[in-house]
Amino acid sequence: MIDYEPVLIIITPVIAASIISFLSPFLKTERTKKIQKYIAIIGLSLPFFYLILLYPTVSIKTIQYNMGGWATPYAITLIIDPFNYTFLIISSLITLLAFIFSMKDVKKAKAKFSFFFLLMVAGIYGVFLSVDLFNIYVFFELCVITSYILVTLGDQKGSLKAAFTYLILGSIASLFFLLGIGLLYFNTGALNIFHLSTLVSKLDVTIQLAVFTFLFGAVAVKAALPPFHTWLVDAHSTAPSAVSAVLSGITVKIGLYIFLRVFTMGFQLQGMTEFLLILGVVAALGGVIFALFEWDIKRLLAYSTISQMGYIVVGLATFSAIGVAGGLYHIINHAVFKGLLFLCAGAMIYRTGTKDIRKHNIGTTMPVTLITFIIAAFSIAGVTPFNGSVSKSIIEASLSNHPLVWFFLLLTCIGTITIFSKILYYSFLKTAIHNKIKQPSQEAPFSMQLPMVVLAFFCIILGAFPHIWLDNIILPATSSIIGGYTTIQIKIFEPMTILKDWLLIGFGLLLLKIVISRAQYIDKIRKRIVLPNLNIKVVMMMFALTLILSLFKFLN
Amino acid sequence: MTKMKWFTYLLSAIILMTFGLIFFSTVFLSYPDVLHSEMSLYYLDHLSLTKAVNAVSAILLDFRAYDTLGEILVLFATISGVMLILRRET
Amino acid sequence: MTSKIVQTTTTIILPFLLLFGVYVIIFGHISPGGGFQGGMILAGAAMLIALAYGFDKLPRFMSHLQSLEAGGVLLFIFVGSITVLVWLPFLADLHILPILNIIVGIKVFAGVALIYIFIARWELPHD
Amino acid sequence: MINGMNIGIILFLIGIFGMMTNKNIIKIIMSLTVAENGVLIFFISIGYVIGGQSPIITSDVTNPVDPLPQAMMITMIVISLCLTALSLTIAAWIFHKYKTLNVEDIIDDRL
């Protein structure tokens, strides 16, 4: 029986995009433009509902489809196994909600926006579904090129420079990815990931080392790990909010997805775990520290994306079942609450027009945005009933033999609490406390509130009932990647963790007090932080890659 | 050349030199004398099925037609992207 | 804006260029070449025409290109998904390969020519 | 020891060097193309077989060269064409808005 499921998931956005592009010359009036929106929504929501229907079959067997009917290791195969099922579900949910949000938010080129959004979604599904290395490269390139175009749709002048830097660094990463594939193909003669996992371990260590450097260089740029993260802040802060929600929620995760797919392929390189732990901690702490200096809300969120990515990399670094389970769970949680935060930021910018949190003074005129923002802030900080705390406690549980890393992660928790209480204070509470008069409620339009409420709802569900999600989705996913089924006991609702959470919040608010009192001093520092231009970013990247290559050559 | 420019040239040249040296010392690449990658052997054996003589276009349009589908989408996205970006102002 | 020499040379070599491009597309699965390479050659010929005879007489030609290109994608997605979806043995005798080659050739020709003409026309009024 | 793969990687590094040191946007795009061609040469010479014929499998071809990297590289050429076309349009638009093509002079109104 040929199972067609994966093909239907990838073809739906493609067909919807081509229908939209084919209809666009005939649809000139405003009413008919609505048709394009509804086609796009159908094209996005069908895969989501279809994936939910697919869950029973995925939990039993891996769905596999060989393109064109050729033999397994040589044809391009699309698979849905528990591991990429989690990524597919979360990306279809976030892209659907982000598109609903963008219907009102995007002011320019409305018709073409849905076309590019659909092609980006097709690229995302193409990467998650396919198992052939070169195929992952092609669909990843489709997703990245459409995101360049979507970033230039940002209303600011800066979006052009950001898009250009993003384009150049993105294409260098793709070239590294290609070189990695080329070396692998030259030595093993195979492109299918499962087929390669048997062949790579037989290669001698030096070739594995070179392939690791190339593939890691590409993955590190895409997942915005520290030495290569500079493009992310400009690109995500100048893109339209719906696009930056998808970029921060999904596109950055593609880098980690490829990281997991590729590096569980049997690379025997010593020192990988320590190296990744250091990278994760530097990302987590650096992102938070830089975020403290920012006043632009979207740049703040972009820096906190970098720090949360560091969190996930720390989780994945140990390659132990608990660590990878925590990392996967945090990938889903981060996609949910970061998407929610960017949508809230979009609603705030839509209503006040500026990105500067000092000029927002929304007070309580936007109740829905305020509540959803508080939920998201609590869940990113890792407070008990919300979803951040579950995955953070699992990751901390996996760091039993690295106490120092555990301590640094606590510091990032405090810093994250400070960042988001800073936004809360400047955008909302400052005006609510000072002028008591009741301003009229200028809440964002309904089509913006709906995605925010749904995402906040998911924030609570994912956190309050962790066992449902763990046993049904996360643990089968980890066992399909790492192998070896473990049961994870979560000590969430014990008084100890609740006490720890509120202690951290206390420290966070203390740090906030210092940040507010030193506001002018921070402004002076921020002006002097040298903003590296494009050339220095490429120099940093090549220097980091040389370091990795020589470090690993020395170790092996 | 200004002092700053001369220094960055030297620095980046040194970085690339070390990268190239270490890379070439690790990986020694030499050509095989007969085709031994199992994927291409599989494609060449099944070439007669696709009624094509040119193996490259057979791979492009038959064995890996899904790649070409993705790549056509990339080309389509770029073309409409170029038209969108450049039309915005006139 | 273009000199007489360019116009006369284009009138001379244009038929050979177009013929060669079409040959590369159609005989893509027998002789070396294929949809992409032939499409590029034809796009080169289109650029030559645009260069030699100026950009102002091009709007009608461009709208044709646009519809050609959008049609090309739809055709490819339709026919391509057949090869991708259906198990191949049924299709080999339908000679699916040349048809795909021609569709890809049309698409690449229309697309690349459009990109060139768009960038060239956008530059004109500003400098 | 000159073979296609080493030349490809050296050309790739030259492209990266160009991107590191150039200030003008158009030169950065050009060195990006050089890097792409470097990867292209590396990839195609992976498939080379000593004394191999071209992969047009007519009757008398006994020892064909590996056709798979060549097919992959046609895809990669089209993708690098798209990247260059996109970066050139963005560069044209940046020049239109900022009136300068120097990477350092483009100051955007960040807070």
Side-chain angles (χ1 to χ4, degrees), chain B residues 5-6 8-13 15-17 19-20 23-24 27-37 39-45 47-48 52-64 67-68 70-79 81-90, chain D residues 1 3-6 8-10 12-23 42 45-59 61-90 92-93 96-97:
Chain B
K5 196 165 183 177
W6 174 79
T8 48
Y9 273 40
L10 190 69
L11 177 72
S12 33
I15 292 174
L16 287 183
M17 224 63 84
F19 186 83
F23 172 75
F24 283 123
V27 174
F28 177 71
L29 309 163
S30 69
Y31 292 121
D33 46 11
V34 74
L35 186 63
H36 56 67
S37 95
M39 258 180 127
S40 336
L41 290 176
Y42 175 84
Y43 289 148
L44 293 177
D45 302 341
L47 200 57
S48 54
V53 176
N54 180 354
V56 176
S57 53
I59 289 178
L60 254 179
L61 293 169
D62 254 320
F63 297 108
R64 302 181 72 94
D67 273 353
T68 322
E71 183 228 314
I72 288 271
L73 289 177
V74 169
L75 191 61
F76 191 33
T78 320
I79 292 157
V82 165
M83 283 200 277
L84 174 75
I85 294 176
L86 288 185
R87 184 185 296 139
R88 241 191 323 191
E89 195 261 341
T90 50
Chain D
M1 186 23 199
N3 63 12
M5 294 173 238
N6 301 353
I9 288 178
I10 290 170
F12 171 69
L13 291 179
I14 292 171
I16 298 278
F17 176 78
M19 278 189 250
M20 277 189 194
T21 49
N22 275 318
K23 295 282 181 288
F42 170 77
S45 55
I46 275 178
Y48 178 63
V49 161
I50 299 171
Q53 289 107 351
S54 80
I56 315 286
I57 312 300
T58 50
S59 54
V61 167
T62 55
N63 182 3
V65 175
D66 184 350
L68 189 55
Q70 296 174 11
M72 288 200 259
M73 274 312 100
I74 293 180
T75 316
M76 192 243 157
I77 290 175
V78 174
I79 289 177
S80 66
L81 165 103
C82 296
L83 273 175
T84 323
L86 254 182
S87 51
L88 280 176
T89 48
I90 293 177
W93 196 251
H96 179 65
K97 255 204 196 336

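In what follows, chains are A, B, ... by sequence order, proteins preceding strands, each numbered from 1.
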task: Return the option, out of B:Ala58, B:Ala55, B:Ala13, B:Ser12, with the maximum number of heavy-atom pairs under 4.5 Å with chain D.
output: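 It is B:Ser12.
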task: Pick whichever of B:Ile79, B:Val53, B:Asn54, B:Ile59 has the most heavy-atom pairs under 4.5 Å with chain D.
output: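 Answer, by heavy-atom pair count under 4.5 Å with chain D: B:Val53.
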Value rounded to 0.5 Å, distance of [atom1] in [X] from [atom2] in [Y]:
X       : Y       : atom1 : atom2 : result
B:Ser40 : D:Leu68 : OG    : CG    : 5.0 Å
B:Leu75 : D:Ile79 : CG    : CD1   : 10.0 Å
D:Leu86 : B:Thr78 : CG    : OG1   : 5.5 Å
D:Ile56 : B:Leu47 : CD1   : CG    : 9.5 Å
B:Glu71 : D:Met76 : CD    : CE    : 11.5 Å
D:Met20 : B:Thr8  : CE    : OG1   : 10.5 Å

- prompt: Do D:Val78 and B:Val74 pass the side chain to side chain contact (heavy atoms under 4.5 Å, CB included) test, and can you show the C-alpha distance, the side-chain angles, and the key distance before you say yes or no?
  reply: CA-CA 9 Å; D:Val78 174; B:Val74 169; 6.0 Å; no
Is it the side chain or the backbone of [X] that comes within 4.5 Å of chain B heavy atoms, both, or neither?
X       : value
D:Pro69 : neither
D:Asn3  : both
D:Ser54 : neither
D:Leu81 : side chain

Donor-acceptor contact below 3.5 Å, side chain B:Tyr31 vs main chain D:Gly4: yes
- request: Find out whether D:Phe12 and B:Leu16 are in side-chain contact, i.e. whether some heavy atom of one side chain is under 4.5 Å from a heavy atom of the other.
  value: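 Heavy-atom side-chain distance check fails, nothing below 4.5 Å.
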query: So do D:Leu13 and B:Phe23 actually touch side chain to side chain, heavy atoms under 4.5 Å?
result: no
Considering only heavy atoms, which portion of [X] lies under 4.5 Å from any heavy atom of chain D: side chain, backbone, both, or neither?
X       : result
B:Ala52 : neither
B:Ser37 : side chain
B:Phe63 : neither

message: Hydrogens and angles aside, do B:Asp67 and D:Thr75 bring a side-chain donor and acceptor to less than 3.5 Å of each other?
response: no
- prompt: Where is the tightest heavy-atom contact between B:Leu44 and D:Pro67, given as atom of each residue plus distance?
  reply: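 The pair with the smallest heavy-atom distance is CD2-CG, 4.1 Å.
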task: Please report the closest heavy-atom contact between B:Leu60 and D:Ala71, naming both atoms and the distance.
output: CD2-O, 4.0 Å
